[in-house]
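Down below is the structure, laid out as structure tokens.
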There are 2 protein chains.
Amino acid sequence: MPKPGPGLRLLDVARHAGVSLATASRALAGREGVSQEVANRVRQVADDLGYVANPFARTLAGGASPTVGLIVHQIDDPYFSEIAGGVIQLADERRLLVQICHSGRDPGHELRQIRHLIAQRAGVIIIAGSGFGDPGVEAETRTVLAGYQRGGGRVAVIGRHALDADAVLPDNVAGGHALGSHLAELGHRRIAVAAGAAVLNTVADRLAGVAAALRRHGLSPDDVPVVHADFVREGGRLAADRILRDHPDTTAIIALNDAMAMGVLATLRERGIGVPSRMSVAGFDDVSVAADLAPSLTTVRLPMTDMGRTALELALKSAGSRPRRRPTGHRLIVRDSTGLVPSGARLAGEGVE
Amino acid sequence: MPKPGPGLRLLDVARHAGVSLATASRALAGREGVSQEVANRVRQVADDLGYVANPFARTLAGGASPTVGLIVHQIDDPYFSEIAGGVIQLADERRLLVQICHSGRDPGHELRQIRHLIAQRAGVIIIAGSGFGDPGVEAETRTVLAGYQRGGGRVAVIGRHALDADAVLPDNVAGGHALGSHLAELGHRRIAVAAGAAVLNTVADRLAGVAAALRRHGLSPDDVPVVHADFVREGGRLAADRILRDHPDTTAIIALNDAMAMGVLATLRERGIGVPSRMSVAGFDDVSVAADLAPSLTTVRLPMTDMGRTALELALKSAGSRPRRRPTGHRLIVRDSTGLVPSGARLAGEGVE
DNA sequence: CCCGCTTCCGGAAGCGCCTCCACGCCGGGC
DNA sequence: GCCCGGCGTGGAGGCGCTTCCGGAAGCGGG
């Protein structure tokens with residue numbers, strides 16, 4: 001591995017500005033003890049020379065670490081790549097670098113990544129994605145993060161409320177509620193849910209919202225089959241298969257994220273089951289392709305890009321010691337994949353061999 | 001910004017092992033000049049203590065920098081997020097950290113990011129995405145990168161051949177050719193192309209391939225309208241609008257990437273123009289949602305994840321000084337968005353207000 | 001006019017690591 | 001038996017930066 005060539009040193013800047021190293025450092029850091037005039041001159045010179053501080057030296061000397069670590073389940077999942085887009089956006093503006101790693105939906109691996117990030121002296125760690133509900137690992141994660149925070153590290157989480165840190169939290173319960181109400185109001189009574197792993201808090205919350213809405217509309221939870229599978233496209237296919245097999249009279253499937261909804265749609269398409277004529281389908285997140293699917297997907301929009309930005313913002317100005325939670329808006333986006341319950345609903349399932 | 005707590009120092013390890021700092025350093029780095037026995041003892045102690053080297057100190061002292069910088073146009077574009085997924089995958093295995101930044105499809109900004117990455121002492125820089133064809137900036141970029149490489153920095157590019165570095169290169173010309181042939185063989189004679197900015201080499205190559213194929217099928221390039229717009233979904237919409245307006249007898253639109261194809265499909269859908277019954281549409285890349293669009297998209301598959309992995313691999317073991325180019329496979333994926341030319345093709349355009 | 005305080009600045013000590021260099025030990029050749 | 005060469009090891013300098021501390025001005029009041 002390479003050692004990039006030497007660059008401009010602070011000493012060079014100092015010399016050009018006719019001041020000492022110490023003064024130049026203070027001037028650029030914007031600290032007290034330098035006259036306005038000198039400070040400006042130094043900054044001017046630094047700019048002209050295109051000086052960029054060596055972050056390694058800076059960090060080593062006890063200064064700020066300019067990198068933020070971002071842990072996502074998987075970057076090529078649109079939900080996470082949109083969040084990452086937001087984080088990178090703000091980081092760019094603040095001249096920070098973003099280090100991304102995958103947790104791969106594995107609590108142990110996530111913890112390992114956190115440790116790695118800490119060892120690399122990241123100044124901020126942002127964790128996107130649900131908790132996994134593994135009590136042992138969760139506890140250790142909590143301990144490690146606490147130590148990191150005690151040492152001055154900043155932590156923010158997105159969509160997970162179990163951690164002791166600043167949090168950006170979509171109201172998954174309310175979103176699920178909106179979805180449930182929407183379908184109930186369209187007249188559906190045979191509604192099934194394609195859910196991710198039950199231990200993911202995102203799944204649990206959305207599910208709770210859906211259940212509450214359906215209850216308000218007179219459906220008992222027992223009437224609503226919930227199929228748990230991977231929280232990705234393939235999982236959606238699997239869930240749809242099971243639902244069609246075990247509950248052939250279903251008229252609407254609520255997928256708890258758009259990825260699963262895409263899988264559900266794929267299965268339905270292959271089986272020649274019309275959407276929404278025979279089956280309504282809804283998703284959650286509103287990833288950018290949701291509008292281009294066949295048919296376009298009814299879903300709950302979450303402002304992923306904003307969530308990423310906000311998380312970094314919170315972490316950066318994390319002033320008080322008490323973690324803050326910043327809720328995010330959400331909005332039901334009704335598109336073409338949901339419709340009135342088919343009048344011949346009792347015939348539903350006929351197409352399923 | 002925080003200064004993460006102090007950690008175990010190499011000195012601690014050395015003391016525990018009863019050797020000097022220098023010896024411990026050599027032992028852990030696996031360098032010559034340490035007896036097997038001592039080396040093993042030191043490594044054992046380091047492991048037991050859970051020692052992780054401080055990368056800042058290491059880099060500062062002239063050692064390896066464990067971070068790879070990845071520049072993409074925009075991380076929430078599926079094409080790039082899949083590439084990033086591959087890079088991160090391999091980086092994970094190698095215990096490297098990946099720093100991602102956006103070029104935002106702006107050559108100046110890209111250059112700035114490269115400079116920033118260099119200043120941050122990234123050991124590897126991977127640039128994904130087309131060149132912009134701005135000769136001035138291009139030249140300067142080349143200079144900056146050359147200096148970086150001279151200093152030991154490793155550079156790899158993905159999908160851009162103009163730079164003097166290891167390159168992972170999809171055969172865009174052949175891919176374009178496959179697309180052109182496919183549509184020509186379906187009987188289409190009125191083919192239009194929705195292209196990104198002409199300066200992007202990706203666009204130029206794919207276009208050249210399409211043109212060559214059509215020529216072989218007896219179509220003169222003059223018969224093939226090419227509309228240039230942004231290389232994203234919105235650009236596809238725009239291009240489709242123009243094509244429908246200026247060339248109402250078009251029976252097939254080749255979009256030079258899937259993002260634009262999605263925009264084209266959206267416009268067609270809104271206008272009630274059947275695909276492929278009235279208009280065939282093809283894309284390029286085969287991003288993962290391409291199969292779920294309405295209708296599913298005929299496209300040329302590029303192994304994005306592999307491309308990311310390969311780029312990092314090349315950069316890492318960049319042995320010789322002569323840059324290597326690694327071609328990638330591609331494959332025409334025929335789905336539902338393309339079909340035989342409508343028999344009443346001469347009537348095409350009737351639906352356009 | 002001198003004293004003491006404030007303001008601004010430079011010197012210098014590290015941060016944790018790598019690496020050059022010098023040193024001590026051993027064995028083999030004369 | 002002595003010298004030379006090589007291997008294994010420790011000492012020390014330095015990477016570029018931050019920050020503590022002490023010194024040099026400049027100011028007002030006694």
Side-chain angles (χ1 to χ4, degrees), chain A residues 1-43 45-46 49-67 118-121 123 151-152, chain B residues 1-43 46 49-66 118-121 123 151-152:
Chain A
M1 288 276 281
K3 11 181 163 179
L8 213 52
R9 291 157 314 161
L10 181 55
L11 185 60
D12 302 323
V13 176
R15 276 211 259 269
H16 273 265
V19 298
S20 78
L21 190 61
T23 302
S25 172
R26 277 185 294 249
L28 293 183
R31 314 186 72 243
E32 304 267 286
V34 189
S35 66
Q36 264 308 312
E37 184 202 329
V38 172
N40 287 337
R41 178 152 42 97
V42 173
R43 275 195 276 265
V45 171
L49 265 46
Y51 169 76
V52 181
N54 180 327
F56 294 89
R58 167 175 290 180
T59 307
L60 185 57
S65 162
T67 80
I118 294 178
Q120 305 283 332
R121 298 342 190 239
Chain B
M1 289 277 279
K3 12 180 161 180
L8 216 49
R9 289 157 314 160
L10 180 54
L11 185 60
D12 302 323
V13 176
R15 275 211 260 267
H16 273 262
V19 299
S20 78
L21 189 63
T23 303
S25 172
R26 277 185 294 249
L28 293 183
R31 315 185 70 243
E32 302 269 287
V34 189
S35 66
Q36 264 308 310
E37 183 202 330
V38 173
N40 287 337
R41 179 152 41 97
V42 172
R43 275 195 274 265
L49 265 46
Y51 169 76
V52 181
N54 180 327
F56 292 87
R58 168 174 289 179
T59 307
L60 185 58
S65 163
I118 293 177
Q120 305 283 332
R121 282 18 178 217

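Note that the structure is predicted; figures quoted are calculated from it, not measured. By convention in this document, chain letters (A, B, ...) are assigned in the order of the sequence lines, proteins followed by strands, and residues within each chain are numbered from 1.
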Nearest whole Å is fine: how far is [N] [atom2] from [X] [atom1]?
X	N	atom1	atom2	result
B/D12	C/dC15	CG	P	12 Å
B/N54	C/dC15	CG	C1'	8 Å
A/L11	C/dA12	CG	P	14 Å
A/R31	C/dC9	CZ	P	14 Å
B/L60	D/dG14	CG	P	14 Å
A/F56	D/dG16	CZ	P	13 Å
B/E32	D/dG8	CD	C1'	12 Å
B/L10	C/dG16	CG	P	11 Å

What distance do B/D12 atom CG and B/H16 atom NE2 have between them, rounded to the nearest 0.5 Å?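 Going from CG on B/D12 over to NE2 on B/H16, the span is 6.5 Å.
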Heavy-atom pair with the smallest gap, counting every atom of [X] and [Y]:
X	Y	answer
A/V42	A/A17	CG2-CB, 4.1 Å
B/L60	A/A57	CD1-CB, 3.7 Å
B/Y51	B/L8	CE1-O, 3.5 Å
A/V45	A/V13	CG1-O, 3.9 Å

With distance as the sole criterion, do the side chain of B/R26 and the base of D/dG8 form a donor-acceptor contact below 3.5 Å?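 There is none.
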At a heavy-atom distance below 4.0 Å, what parts of residues 33-42 of chain A sit against DNA chain C?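 Output list: A/G33, A/V34, A/S35, A/V38.
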Give the residues of residues 14-24 of chain B touching DNA chain C, defined as any heavy atom closer than 4.0 Å, sorted by residue number.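 B/L21, B/A22, in order of number.
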Got a list of side-chain donor-acceptor pairs under 3.5 Å for residues 25-34 of chain B, not counting sequence neighbours?
none

Given C/dG16, C/dC18, D/dT19, which nucleotide is nearest the side-chain atoms of B/R58?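 Minimum distance to the B/R58 side chain belongs to C/dC18.
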Are the side chain of B/N40 and the backbone of B/E37 linked by a donor-acceptor contact shorter than 3.5 Å?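 Checking the backbone N and O of B/E37 against the side chain of B/N40, no donor-acceptor pair under 3.5 Å is found.
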Just to be sure I understand the rule, does B/A53 reach a base, reach only the sugar-phosphate, or reach nothing, if contact means heavy atoms closer than 4.0 Å?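 Counting heavy atoms under 4.0 Å across all strands, the contact made by B/A53 is with sugar-phosphate only.
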Using OP1 and OP2 only, check whether a side-chain N or O of B/Y51 sits under 4.0 Å from C/dG16.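 Answer is no, no contact under 4.0 Å.
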